[in-house]
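A short write-up of the structure that comes next.
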Amino acid sequence: FTNFDADVSKPRYVRVNTLKVDVESAVLELRKQFMVQKDDMVPDLLVLPPGCDLHDHPLVKNGSVFLQGKASSMVAAALAPEPGWKVLDACSAPGNKTVHLAAFMKGKGKIIACELNKERVKRLEETIRLSGAASILPFFFFDLLDAMKLNYLHFAWLVDIEVLNGDFLKLDPKDPAYSEVRAILLDPSCSGSGTAADRLDHLLPSHTAVFLPDASSSADHCHAADMTDPERLKKLAAFQKKALEHALSFPAVERIVYSTCSIHQTENEDVVQSVLPLAISYGFQLATPFPQWHRRGLPVFEGSEHLLRTDVVEDKEGFFIALFVRKTMILAKGN
Ligand code: SAM
């Protein structure tokens, strides 16, 4: 192997950007240099030996693969939006999960990527540009591609992602622009306690500036600087709860994924538990993302076994995922 870096304790994950290259081609290319395995859970995720440094690899530089951890890659995969859907990424910068959603949608449909922080919108736009997913084209264009039996991969840059620089909490669910949103990815600002700052740079290509959290604000940044201050955690949890309640109120939403890179129950199980009565009243239930995964939510309420956790030590990063699915719609579809 070549290009080792200092951290030799954890495998390196790369997510193949299937908007640009298929998984098999990426494996073949990377195997010229590294030992590569496919991840056993996320279909477009590859596992490389610990210590491999891919920051300057041409596939990373040209957006064919993204340096994205396993837990982070599980979020869009848990939501699994279908091609043709309208999807809202509520807190989207720097956009790793936005472009993963676009890949799941195979070039068909629309993503609205909302981001409050103006500076971070630039990062989001850069990620979208790098991924090849951009532009605005009508749905019938993709039907035309199908009819002509053309491979969407060649046209994947036509996925429609609309970047919205604004506050997710202020989006009006009754606005016709959102009345057809069928899935929401909510990955709000959190304490970041599951992803130490020194690991963040492994998740970002070297040509993007590493975002280092600012201690001065609560909800407008990705990670708050003090990861354990109870007051700060309380503020973050209040924002997370409000955002989740807001997501639940979109009329056509069938799936909502809520995720954090926090290890704290306050930001994870407690937030989910606090919105459950409302979620149930809207017809949602908790679904079980990746049922084969052994580490589930802390047993603090009935149903927490549906939640997914990764462990900061054993899995090398601490993430939390909850998946809400609208029950009435499952029944309506006869599933
Ligand atoms: N999902 C992103 C990814 O995987 O690349 C990471 C999102 S980061 C955890 C949370 C983001 O939410 C930050 O960029 C933050 O600026 C943004 N944010 C915070 N409050 C927001 C709000 N009210 N509306 C929209 N975005 C918000």
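From a predicted model like this one, the values you see are computed outputs, not experimental measurements. Whatever order the structure lists ligands and atoms in, that order sets their numbers, starting from 1. Quick note: numbers below take in every heavy atom, side chains included, and nothing from hydrogens, waters or symmetry partners.
If you look at C261 next to ligand 1, there are no close heavy atoms at all, none under 4.0 Å. Counting heavy atoms under 4.0 Å from ligand 1, residue K97 touches it through both backbone and side chain. Under 4.0 Å from ligand 1, the heavy atoms of A90 that appear belong solely to its backbone. Residue-level proximity to ligand 1 for S72 is absent, since no heavy atom of it falls below 4.0 angstrom.
Taking a cutoff of 4.0 Å between a charged side-chain nitrogen and a carboxylate oxygen, K70 and E317 do not qualify as a salt bridge. Between K122 and E115 there is no salt bridge, since none of the side-chain N atoms of the basic residue sits less than 4.0 Å from a carboxylate O of the acidic one.
Between N117 and ligand 1, no pair of N/O atoms sits closer than 3.5 Å. Residue G95 has at least one N or O atom closer than 3.5 Å to an N or O atom of ligand 1. Residue L169 places no N or O, backbone or side chain, under 3.5 Å from any N or O of ligand 1. Residue F168 has at least one N or O atom closer than 3.5 Å to an N or O atom of ligand 1. Not a single N or O atom of P188, backbone or side chain, sits closer than 3.5 Å to an N or O atom of ligand 1.
Across the listed options H246, R120, K118, R120 owns the non-hydrogen atom lying nearest to atom 13 (C) of ligand 1. Nearest-heavy-atom check against atom 11 (C) of ligand 1 across H100, E115, Q68 picks out E115.
Remark: side-chain polar atoms of E305 are paired, donor with acceptor, to backbone N or O of G303 under 3.5 angstrom. T310 places a side-chain N or O within donor-acceptor distance of the main-chain N or O of F319, the cut-off being under 3.5 Å. Of the possible polar contacts, one joining the S92 side chain to the C114 backbone as a donor-acceptor pair under 3.5 Å is found. A donor-acceptor pair under 3.5 Å is formed between the side chain of T127 and the backbone N or O of R123. A donor-acceptor pair is defined here as one N or O able to donate and one able to accept, closer than 3.5 Å; no such pair exists between the side chain of D39 and the backbone of V47.
Summarising the local packing, CD of E162 is surrounded by more than 12 heavy atoms from other residues, nucleotides or ligands at distances under 6.0 Å.
The aromatic rings of H100 and F104 sit tilted, their planes meeting at an angle between 30° and 60°.
Using a 4.0 Å cut-off to heavy atoms of S92, the atoms of ligand 1 that qualify are 1 (N), 2 (C), 3 (C), 5 (O).
The shell of residues lying under 4.0 angstrom from ligand 1, judged by heavy atoms, excludes A243.
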